[in-house]
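Note sheet for the following structure.
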2 protein chains.
Amino acid sequence: MTHDDNGGFDPREFLPYLLNQAAEASSLEFQAIYKARYGMLRTEWRVLFHLGIYGRMTAKEIADRATIHKTKISRAVQKLAGRRFLVRERDPGDRRREYLELTPAGRAAYLDLSAVASEYEARLMAPFTEEEAQLLRRMLHRLAQRPAEP
Amino acid sequence: MTHDDNGGFDPREFLPYLLNQAAEASSLEFQAIYKARYGMLRTEWRVLFHLGIYGRMTAKEIADRATIHKTKISRAVQKLAGRRFLVRERDPGDRRREYLELTPAGRAAYLDLSAVASEYEARLMAPFTEEEAQLLRRMLHRLAQRPAEP
DNA sequence: CGCTAACAGTTGAATTTGTAACTAACAAGG
DNA sequence: CCTTGTTAGTTACAAATTCAACTGTTAGCG
C-alpha cells in the first residue's frame, strides 16, 4: 500500500462533502432558469421568494429567516429594486428599518418561478418514496440547525 | 392574508435550499478547524484528503474523483506546495502530467484533520439511527448525480 | 437630558471564485 | 514530418463573496 489507511475514512463519504455535492447539483438546473429568465442571482431569488410567500418584511427579517448575511441581502435588494421587482418603504416608527414589498412585476416573477420550482422539486424527489422524502427533509432540517455558541 | 398563497409552496422546504442550509451548517465548524490550524481553504483540504487517502496522483485525477474544477485544484495545489504539504513531480512518460504527493508535514496535517473529521461526522450523525444515516447517504449520492446532457 | 451601546442597513477593499483563453505536450492521420 | 485535435495545467480578467468599517437611528440608564 502506497498510502495511509485511516480506518476506511473516505473523503467522498464525508457528510459535509456529500451534502455540498448534492446541494450544488440540485440547484444547478434551477439556477439556470432564474438566471436566464430574470438575470437573477441566488440571493436575489431567495429574497424574491421570501417576499412572495411572507409578504412585506424588512431586510433583517429575511436575513434571519433565510440565514443570509445582511450585506448579501442589501445588494440583492438593490438589484431587485433597480429592476422594479420590489419597493422600499421606511418604517415611520423606527427609521432604521425599511419595509420591502413586491411590485406586480416582482409578484409575477415570483409566481412564475415558484411554479417552476414546484415542478423541479417534484422531479428531484421522483426517485424516492414519500416516506424517504419526508425522512430526508427531517434530517436536513436537523442538520441545518447550527449548534449554539457558549 | 397580505400575500399570495402559492399552493403551499414554502421556500424553506424547497429541497435545493434545504440541502444548501444543511451543507453550510454542517461544514461551518469543521471549516473553522482546518482554517485555524493550517490556514486552509475548503479545496485545499479536499486535495489534502484525496492525496492522504489515495496516495500519489495527478491534479486531473483529483479533479475527476472529487468533481472540482481544474482551476480550483491548480490554485489549491500551489498553496499546498508553497506550504510544503505536497511535492510535485513531472511524469517523465507524459510531461504534461504532474504527480502530487504529500510530504511528511502534509501527511501529519492529513492525519490530524482526518481524525477530527471522523469524530465530527460521528457527532453530526449521532441524532440518527444507522438505517437513517445509510438512507441519507444513498439519497445524497443519488441527488449529487448530475443529469446527463444530451 | 447626555452618554454609551446596540441595531438596520450600506459601502469599500481584500479574497475567492468562475470563465475563457492560453501554453506546452502528446496523438493520430495523411 | 506536419497539420489538426486533444489533454494537463496555468493564467488573466471579470464577477461574486467576505470582512471591516461606516452612517444614521434608537434604546438603556445613570
Side-chain angles (χ1 to χ4, degrees), chain A residues 20-21 23-25 27-29 31-32 34-36 38-47 50-51 56-83 86-101 146, chain B residues 20-21 23-25 27-28 31-32 34-36 38-47 50-51 56-83 86-101 146 149:
Chain A
N20 241 307
Q21 297 286 106
E24 238 176 84
S27 45
L28 202 70
E29 239 183 292
Q31 181 175 46
Y34 57 70
K35 192 170 177 182
Y38 301 100
M40 283 186 199
L41 253 30
R42 193 147 48 117
T43 308
E44 289 160 46
W45 80 255
R46 278 198 194 168
V47 168
H50 274 269
L51 291 173
R56 203 170 115 104
M57 61 200 299
T58 68
K60 181 59 161 53
E61 289 171 317
I62 299 175
D64 289 343
R65 278 195 198 253
T67 333
I68 302 175
H69 194 89
K70 60 180 181 171
T71 62
K72 274 166 104 171
I73 301 275
S74 173
R75 280 160 177 145
V77 166
Q78 283 176 45
K79 274 193 201 150
L80 289 170
R83 282 175 196 137
L86 61 79
V87 288
R88 323 157 87 139
E89 186 192 343
R90 196 148 294 275
D91 180 350
D94 182 343
R95 303 200 1 261
R96 288 170 302 186
R97 315 173 72 209
E98 199 172 50
Y99 282 111
L100 307 171
E101 191 167 18
R146 307 194 175 213
Chain B
N20 242 308
Q21 296 289 105
E24 239 175 82
S27 44
L28 201 70
Q31 180 175 46
Y34 57 70
K35 192 170 178 180
Y38 302 101
M40 283 186 198
L41 253 30
R42 193 145 49 113
T43 308
E44 288 159 49
W45 80 254
R46 278 198 194 167
V47 167
H50 274 269
L51 291 173
R56 204 170 113 104
M57 61 199 301
T58 68
K60 180 60 161 55
E61 288 171 317
I62 299 175
D64 289 344
R65 277 197 198 249
T67 334
I68 302 175
H69 194 91
K70 60 180 181 169
T71 62
K72 275 168 105 172
I73 301 275
S74 173
R75 294 195 254 243
V77 166
Q78 282 177 46
K79 275 192 201 152
L80 289 170
R83 282 175 196 137
L86 61 78
V87 288
R88 322 157 88 138
E89 186 191 341
R90 197 149 292 278
D91 180 349
D94 180 345
R95 301 195 12 255
R96 290 170 300 185
R97 315 174 73 213
E98 199 172 48
Y99 282 111
L100 306 171
E101 192 166 17
R146 308 197 173 211
E149 323 275 329

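Each chain gets a letter, A, B and so on, in the order its sequence line appears, and its residues count up from 1.
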Output the rounded distance in Å from [atom1] ([X]) to [atom2] ([N]).
X: M40(A); N: dA15(D); atom1: CE; atom2: C1'; answer: 18 Å
X: D91(A); N: dA27(D); atom1: CG; atom2: P; answer: 10 Å
X: L100(B); N: dT10(D); atom1: CG; atom2: C1'; answer: 14 Å
X: Q31(B); N: dT16(C); atom1: CD; atom2: C1'; answer: 12 Å

List in chain and number order the residues that pass side-chain hydrogen bond (donor to acceptor under 3.5 Å, both in side chains) with [X], two or more places apart in sequence or in another chain; answer none if no residue qualifies.
X: R65(A); result: none
X: K60(A); result: D64(A)
X: R83(B); result: E44(B)

Any residue meeting salt bridge (charged side-chain N to carboxylate O under 4.0 Å, His left out) with R46(A), in chain and number order, not counting sequence neighbours: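 Checked R46(A) against salt bridge (charged side-chain N to carboxylate O under 4.0 Å, His left out); zero matches.
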Set of ring pair (Phe, Tyr, Trp, His ring centres under 6.0 Å) partners for Y38(B), sequence neighbours left out: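 If we apply the ring pair (Phe, Tyr, Trp, His ring centres under 6.0 Å) test to Y38(B), skipping adjacent residues, there are no hits.
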P92(A) vs L41(A), nearer the 5' end of DNA chain D by closest nucleotide: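 Taking each residue's closest nucleotide, the earlier one in sequence belongs to L41(A).
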Residue whose closest nucleotide on DNA chain C lies nearer the 5' end, R95(B) versus K79(B):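 Here K79(B) is the residue nearer the 5' end.
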For nucleotides 7-11 of chain C, give me every protein contact, N/O to N/O, under 3.5 Å, one pair per line with atom names.
from: dC7(C); atom 1: O2; to: R96(A); atom 2: NH1; distance (Å): 3.2
from: dG9(C); atom 1: OP1; to: E98(A); atom 2: N; distance (Å): 3.0
from: dG9(C); atom 1: OP1; to: E98(A); atom 2: O; distance (Å): 3.4
from: dG9(C); atom 1: OP2; to: K60(A); atom 2: N; distance (Å): 2.6
from: dG9(C); atom 1: N7; to: K70(A); atom 2: NZ; distance (Å): 3.1
from: dG9(C); atom 1: O6; to: K70(A); atom 2: NZ; distance (Å): 3.0
from: dT10(C); atom 1: OP1; to: R88(A); atom 2: NH2; distance (Å): 2.3
from: dT10(C); atom 1: OP2; to: S74(A); atom 2: OG; distance (Å): 2.8
from: dT10(C); atom 1: O5'; to: S74(A); atom 2: OG; distance (Å): 3.4
from: dT11(C); atom 1: OP2; to: Q78(A); atom 2: NE2; distance (Å): 3.1

Main-chain N/O of R95(A) paired to R90(A) side chain as donor or acceptor, under 3.5 Å: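 At least one qualifying donor-acceptor pair exists.
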